[in-house]
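A short write-up of the structure that comes next.
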Amino acid sequence: MIDPRLLRDDPDRVRAAQAKRGLSADVVDTALAADRARRDAIAAFEARRAEQKAAGKDVAKAQGEEKQALLAKVKDLAAEVKRLESALAEAEQAWDDAIKAIPNVAADEAPAGGEDDFVVLEHVGKPRDFEAEGFAPRDHVELGRLLGAIDLERGAKVSGSRFYFLTGVGAQLELALVNMAMDQARAAGFTQVIAPSLVKPRAMDGTGFLGQAADDVYRIEGEDLYLVGTSEVPMAAYHSDEILDAASLPLRYAAFSPCFRKEAGSHGKDTKGIIRVHWFDKVEMFVYTTVEESYAEHERLLGWEKEFLDKLELAYRVIDVAAGDLGLSAQRKFDCEAWIPTQGRYRELTSTSNCTEFQSRRLDIRTRVDGQTAPVATLNGTLTAITRAIVAILETHQQADGSVRVPKALQPYLGGLEVLTPIGSIGG
RNA sequence: GGAGGCGUCGCCUAGUCCGGUCUAUGGCGCCCGCCUGCUAAGCGGGUUUGGGGCUACAACCCCAUCGAGGGUUCAAAUCCCUCCGCCUCCGCCA
C-alpha cells in the first residue's frame, strides 16, 4: 500500500504514476473520496463516543432516581454510538479497498510502458555460436532425457502437464544449485531459511498476490491457506506486526522453498520442457532495510544474482523492467535473462524487486527512526530458480555427443563431476 | 482428533471469581534530569501501538488498543460465544 500522505498531498503524482503503468487514474479519485468519508466518519463516531464515556461516569456516581433518569438518557446515546461505529467500519473498509488497489509508485528511473518497453542495462558474456562449433544444439528436453535428468512423461502421468521428475543427475543438479546458492548467501552474511510454502491469506494479500495476480495462485480447498508462488511471501510475512530494531537492519535472508504457480493465461506458452511449470524450487534472497538504503541494497541484490549467474558461466543480459510490468508491489525491478540457445533468445532466470514500503505497510513491519516508527523497505531477489537454471546450464554447456560440461564453480557441489554423460532412459 | 491450562502497553507481573474507584498495578530494562572526583548507588520524571482533530509532521485534546472477532450492558481486561496461538496429557504420525 502506498503512503496515504502522498495520496492526499500530491495526488497528481499518483495519477502520473498510474499513467506510467498504463493504468486508469480513477482509483486515485475513489481513494481520495474514501479518505474524506472515512475521516468524517471517525470524527462523528469519536465525538459521540466521548460524550458517552463522560455520561457513563456520571451514571456510575449517581444513585436511586437520579441514576434511573441518567440511564434513560444515555441509552439513546449508546444506540447512536453503535450506529456511527458500524458506519465507520464500512467507511474504513471502503478506504482500505481503495488504497490497496493502487500499485506502488514506480521509480523515476523505471521505463514507462508495458512488458515490451524494458530497457537493456547490460549484456554479460557471449551466447555460444553452435554453428561455428559445427553442431546443432539439443534442447533441454532432449538433453534431460539423454542424461536421465528430467522425466517429463512420468511427470505428466503422475501430476499432469507442466510437471516433471528430476532424476539422477537432475536431482543432483538441484541439490548442487541449492547448496551453491546457500553457500554464496551465507558468505554474504545472509541467514539461511527453509520457509513454509503454505500461508494464510494475510501473507498472500500483504505481499500483493491477491490482487491482479490472484488467478495465478493455488488455494487449498476447505482451508484458509494458499500455496506460495515464491518464498518472498512467507519471508515478507515473517516479520509482520513487528517493530524491528534499527541497529539490526539490514536483515538479509536466503530462503529455500517450493514455488507453485497456476500459470493461468499462459496456455500454449512454453508447453515443452521445464521452462514454465506449476511447481519448482527456488532460493530467494529477501531483505528488510530502510527506505533510504533500499536503492543501494537493490543494486547489491542484482550484484549477487549476477555473481551466481557468472559462476554458472552463462551469457545473460540485465533489463530494467517497465512500470506496467512491475506487478503490484515493486517500485523497480531488474530481471536477469539468460541466453537459451535452442530458443535463440534471452529468458528470465532471476529477478529482483525493490518494494519500498508497499508490503511493509500492509504487513505492519516498522523500525524506529529518530524515536518515531517508520515502515521498512522490503526487497527480494532470486538467487536461483532451479528449473530455469537447469535449462540454461544444460543447453549452454552441452557438447556434440550430448554430454554437458559442468561449470567449474558447480563441480564441488557435484562431487567433483566435470561432465554429465548420457546414460539412456531409466527403467527401459 | 480428544481433555485441561494459559494469553495484560520491551521482559516479568497485579487485576478477571464479585463489571463503574483501571486514566491498567508493581518490578526489571531503557531514556531524561538532579546529585556526584569518575562510575555505581540514591532521588525525581518519562517509557504500548494505531488513528483523528488542531497544527510547524511540535505542544495539546480526543478515540481505539489487555491474543483476534462478535455479543450482553448505560458501562467490559473483567460476563457470554466463536476463532487463533502457546503449554501439559492422550490418540495418531514423518
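The analysis underlying the following values was restricted to heavy atoms, covering all of them including side chains, and did not include hydrogens, waters or symmetry mates. Chain letters run A, B, ... following the sequence lines, proteins first and then strands; every chain starts at 1. Here the structure is a predicted model, which is why all the values come from computation and not from measurement.
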What integer distance in Å separates [X]:[atom1] from [N]:[atom2]?
X       : N     : atom1 : atom2 : result
A:Phe45 : B:G53 : CZ    : C1'   : 15 Å
A:Arg48 : B:A64 : CZ    : C1'   : 19 Å
A:Arg49 : B:U23 : CZ    : P     : 11 Å

**Message:** For RNA chain B, which residues of residues 200-208 of chain A approach it to below 4.0 angstrom with any heavy atom?
**Reply:**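 Contacts with RNA chain B under 4.0 Å: none.
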**Prompt:** Base, sugar-phosphate alone, or nothing: which one does A:Arg8 contact when heavy atoms must sit under 4.0 Å apart?
**Reply:**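 A:Arg8: backbone/sugar contact only, no base atoms under 4.0 Å.
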**Message:** Categorize A:Leu77 for me: base, sugar-phosphate, or nothing, with a 4.0 angstrom heavy-atom threshold over every strand shown.
**Reply:**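 Nothing: the residue A:Leu77, judged by heavy atoms under 4.0 Å, touches no strand.
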**Prompt:** What pairs of residues pass the side-chain hydrogen bond (donor to acceptor under 3.5 Å, both in side chains) test when at least one of them lies in residues 96-114 of chain A, not counting sequence neighbours?
**Reply:**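 The answer is A:Gln93-A:Asp97, A:Lys100-A:Asp205, A:Asn104-A:Thr356.
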**Request:** Quick one: which residue pairs count as a side-chain hydrogen bond (donor to acceptor under 3.5 Å, both in side chains) with a foot in residues 380-394 of chain A, not counting sequence neighbours?
**Result:**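 Qualifying pairs: A:Glu232-A:Asn380.
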**Message:** Using only atom types and a distance under 3.5 Å, with no angle test, would you say the side chain of A:Lys20 pairs donor to acceptor with the backbone of A:Ala107?
**Reply:**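 Flag set: sc A:Lys20 to bb A:Ala107 pair under 3.5 Å.
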**Message:** Taking the nucleotide of RNA chain B with the nearest heavy atom to each, does A:Ala47 or A:Gln52 sit closer to the 5' end?
**Reply:**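 Looking at the nearest nucleotide for each, A:Ala47 comes out on the 5' side.
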**Item:** 5' priority, RNA chain B, between A:Arg368 and A:Lys75 [closest heavy atom]
**Value:**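 Taking each residue's closest nucleotide, the earlier one in sequence belongs to A:Arg368.
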**From B:G53, B:C57, B:A76, nucleotide with atom closest to A:Arg36 side chain** =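 Nearest to the side-chain atoms of A:Arg36, counting from C-beta on, is B:G53.
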**Message:** Taking the minimum atom-to-atom distance to the side chain of A:Arg38, which one of B:C63, B:G51, B:U49 wins?
**Reply:**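 Nearest listed nucleotide: B:G51.
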Between [X] and [N], is there a contact of a side-chain N or O with OP1 or OP2 at under 4.0 Å?
X        : N     : result
A:Arg5   : B:C57 : no
A:Lys82  : B:G70 : no
A:Arg39  : B:G53 : yes
A:Thr373 : B:G50 : yes

**Aromatic ring pairing A:His278/A:Phe163, orientation class (parallel under 30°, perpendicular over 60°, tilted between)** =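 If you compare the ring of A:His278 with that of A:Phe163, the planes turn out tilted.
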**N/O donor-acceptor pair, side chain A:Glu46 with base B:G53, under 3.5 angstrom** =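 Donor-acceptor pair under 3.5 Å: no.
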**Any side-chain heavy-atom pair of A:Leu383 and A:Thr350 under 4.5 Å** =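 No, too far: nothing below the 4.5 Å cut-off.
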